[in-house]
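Notes to accompany the following structure.
Note that the structure is predicted; figures quoted are calculated from it, not measured. Every chain is numbered from 1, with letters handed out A, B, ... down the list of sequences.
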There are 2 protein chains.
Amino acid sequence: MASSTEGNTRPIRLADIAKAAGVSHGTASNVFSRPEIVREEVRERVKAAAEAMGYAGPDPKGRLLRAGKVNAIGVATTEPLSYFFDDPFARAMMAGISQACDATGAGIALVSAGNEEKLAWNIQSALVDGFILFCIEGGSRLVELTRERKLPFVALELGFDDDTVSAIGVDNVAGARLAAQHLAELGHRRFAVLALPFADGSTGLVSPEKVRTALYTGTRDRLVGYFEAFSRYGVDTAGIPVYETENDEASTRAGLETIFASAEPPTAIVAMSDRIAMIAIEWLAARGIAVPGDVSVVGFDGVPDAAICDPPLTTVAQPIAEIGRRAARSILDFDGTVRRETLGVELVVRASSGSPPKTA
Amino acid sequence: MASSTEGNTRPIRLADIAKAAGVSHGTASNVFSRPEIVREEVRERVKAAAEAMGYAGPDPKGRLLRAGKVNAIGVATTEPLSYFFDDPFARAMMAGISQACDATGAGIALVSAGNEEKLAWNIQSALVDGFILFCIEGGSRLVELTRERKLPFVALELGFDDDTVSAIGVDNVAGARLAAQHLAELGHRRFAVLALPFADGSTGLVSPEKVRTALYTGTRDRLVGYFEAFSRYGVDTAGIPVYETENDEASTRAGLETIFASAEPPTAIVAMSDRIAMIAIEWLAARGIAVPGDVSVVGFDGVPDAAICDPPLTTVAQPIAEIGRRAARSILDFDGTVRRETLGVELVVRASSGSPPKTA
DNA sequence: AGCAAAATTTGAATCGATCCAACAAAGATG
DNA sequence: CATCTTTGTTGGATCGATTCAAATTTTGCT
């Protein structure tokens, strides 16, 4: 009722207001992108026309095509989107990524898809300048898909031997060594390992065979670290049960059942993630097994939750936020080179680890 | 070295491979977007050319301009980006939004900016089909800015009287009434209210004046609900201290100091958010004031954390995820109408509320 | 007024795809 | 053999802006 152009069907373009104001596209464009170079009188006229016609401002879709840069970075995973808001590790990582993006004014686009087909499409059609990949399950496929986009990308956790992909991760061997050594120094000699996946879709006790052919080198490296430290203390690593979990409740519990069904259950558990460790603590508590009185538990990751669980978790802390910041920056100021960074980790001793029980 | 086009500076376009394969760009386009309609022999030829030239696939930037739809929804706030991963309420909301987006394969773009100027730019240039607005502080400005984009958008929490903006929220009056009534029924008669902001940037005890002119109607409505229930139980609401916080630790503590400096401190606190309530519980515990022995606390929101804090928080639970899902869907299947939905809330009684102390 | 320098404005080219009406070729039908 | 289908291919138009060399207008100065 107010303006006469009510009920219009097509959104107003820059060209429309240029015509209305009696100037060229070029000038109209300048009014919005570099107002200082157009004469005031003209500028006001164009702005007035825009106002009158209900122009929404230069459409970023158009600008984008010309400019080439989206000014957003994509964060991708094969997990559902809610993973980014649920998982403590992901959240800590996102906090770091957010910081770097905030600092430069870049946006974040969350990309994910349950099924393979949708994932491919989502990766292919994401409007971003580069990707940060959360390589959980199906990480190799994710890398493959992303590589086809020919955009800069960086994998979180050096899950791959492939030296042609940029990655940021931690020294898994050293970190695992720290955890194992800590327990050995406390006097433990009977251990069990709750591992992350060695390959997609399998769980259960793992053979040395499997370890050697592990798809995920991160998992393998942590195991190597554990075993290195154990051997140094004279423990026969061949006798240590290594149970491959899927980093979830079901498989971790199954692993614990298996491990504690043994005649000589361990006095210490090394878990390859805090998630696993916390599930283990809960399981042990439910069985009336004291932590760390009867069994000590050491995690890996250093997620914030680990500090406030009961008992607080001894763990190998990764600089999660820092990894996130670096990952984001490596995309934001991409220089065309492959970059593989390895950050240090730190043993954080809390209350979930202690001396083994006397009676053992 | 392998292919002759090494060291090229310009990325390969669809037109390039069309020429190389000796077909029109129309056909080349079809090879990628509707492969079934092009003859197999041609299709293979084009694909081979693409492969050989290292074509990254149709660039979404180009497609976008033509198609018009981005297939992503923007979630905006004036808080820093990390807010989405830190704040429990935001996280629960994002989980709901994620679900809806996952279901339709839409992406999520996070938009935020500390300062006004960047915010404006980020909103203006976000590549999205619509916005979901987290109207925390500075919500009105956010709405204004977003309105200019002329894209569908929906405000979370009906923070505004403005009937021209779509919004999804809960019945604040009813929810608050529930909380207050619960406490009154337990026998409490001396109350204090820890409120959310009535307007930007102010804190402290609020006058009835301020309540009437509240910018945020959500805050006002909750207060109305509280007072309604209190009056029904014969409590003089004029005597109830209402302290406006900024929903953070500092202002909440300041509020508690003020409230408990009184000669007749309350036996029950109604907090307008779980965040405030949990901060209050912590503050009370630190003072040696038992919850709910000496003072009962009731929150608002129903964030997941409220169930696991100590003591578990009695609160008015909003269907947070459901709000998120609806918000996302209202953008995804936008029909051009303004929609204002009000969802119901539910009182969840846990351990932070009980009878008032006998001695009081 | 006359002219060079400075300030503005113009309009065509470009970004990278998709869409579609028109056309061509091959196959089916009477 | 002429005509109608069916199946594939073509090339121009379009999406909505930005850019830049060239054209035009202003301004400054003598």
Side-chain angles (χ1 to χ4, degrees), chain A residues 8-46 49-50 53-71 121 124-129 149-151, chain B residues 8-46 49-50 53-71 121 124-129 149-151:
Chain A
N8 52 355
T9 171
R10 213 165 90 307
I12 289 84
R13 301 197 306 303
L14 186 52
D16 298 328
I17 75 153
K19 179 152 16 140
V23 298
S24 68
H25 321 251
T27 299
S29 174
N30 286 334
V31 168
F32 292 96
S33 45
R34 296 128 80 198
E36 69 282 2
I37 76 163
V38 12
R39 193 153 44 94
E40 172 160 3
E41 189 257 315
V42 176
R43 195 193 321 147
E44 292 312 323
R45 181 149 44 95
V46 173
M53 304 181 68
Y55 181 55
D59 187 331
K61 295 203 280 291
R63 187 206 337 271
L64 173 59
L65 185 53
R66 190 86 242 270
K69 273 235 162 283
V70 186
N71 197 35
W121 174 254
Q124 279 159 18
S125 61
L127 290 158
V128 298
D129 297 321
R149 268 301 290 275
K150 310 229 152 93
L151 287 177
Chain B
N8 53 355
T9 170
R10 214 163 91 308
I12 290 85
R13 301 197 308 302
L14 186 51
D16 297 328
I17 76 152
K19 179 153 16 142
V23 298
S24 70
H25 53 265
T27 299
S29 174
N30 285 334
V31 168
F32 292 95
S33 45
R34 295 127 82 197
E36 68 283 0
I37 76 162
V38 14
R39 193 152 43 95
E40 172 159 1
E41 190 257 316
V42 176
R43 195 194 321 149
E44 292 311 322
R45 182 150 42 93
V46 173
M53 303 181 68
Y55 181 55
D59 187 330
K61 295 202 280 291
R63 185 200 345 266
L64 172 60
L65 185 53
R66 189 88 247 266
K69 273 236 162 282
V70 185
N71 198 34
W121 174 253
Q124 278 159 18
S125 62
L127 290 157
V128 298
D129 297 321
R149 267 302 290 275
K150 310 230 152 93
L151 287 176

[X] and [Y]: which non-hydrogen atoms are nearest, and at how many Å?
X         : Y         : answer
Gly68(B)  : Asp129(B) : O-OD1, 4.3 Å
Ser125(B) : Arg149(B) : N-NH1, 3.9 Å
Ile12(B)  : Met53(B)  : CD1-O, 3.3 Å
Val70(B)  : Leu64(B)  : CG2-CD1, 3.6 Å
Val38(B)  : Arg43(B)  : O-NH2, 3.4 Å
Lys150(A) : Ala56(B)  : CG-CB, 3.5 Å

Expected string for nucleotides 10-23 of chain D under the B/S/- scheme (protein heavy atoms, under 4.0 Å, primed atoms plus P, OP1, OP2 as sugar-phosphate) is BBB-BBBBBB----
Rounded to whole Å, the NZ-P distance (Lys19(B) to dA17(C)) equals 14 Å
Numerically ordered, the residues 36-43 of chain A set in heavy-atom contact under 4.0 Å with DNA chain D is none
Residues pairing under salt bridge (charged side-chain N to carboxylate O under 4.0 Å, His left out) where one sits in residues 56-67 of chain B, two or more places apart or in two chains, turn out to be Asp59(B)-Lys61(B)
Taken to the nearest 0.5 Å, the spacing of Glu41(B) CD from Arg45(B) CZ works out to 5.0 Å
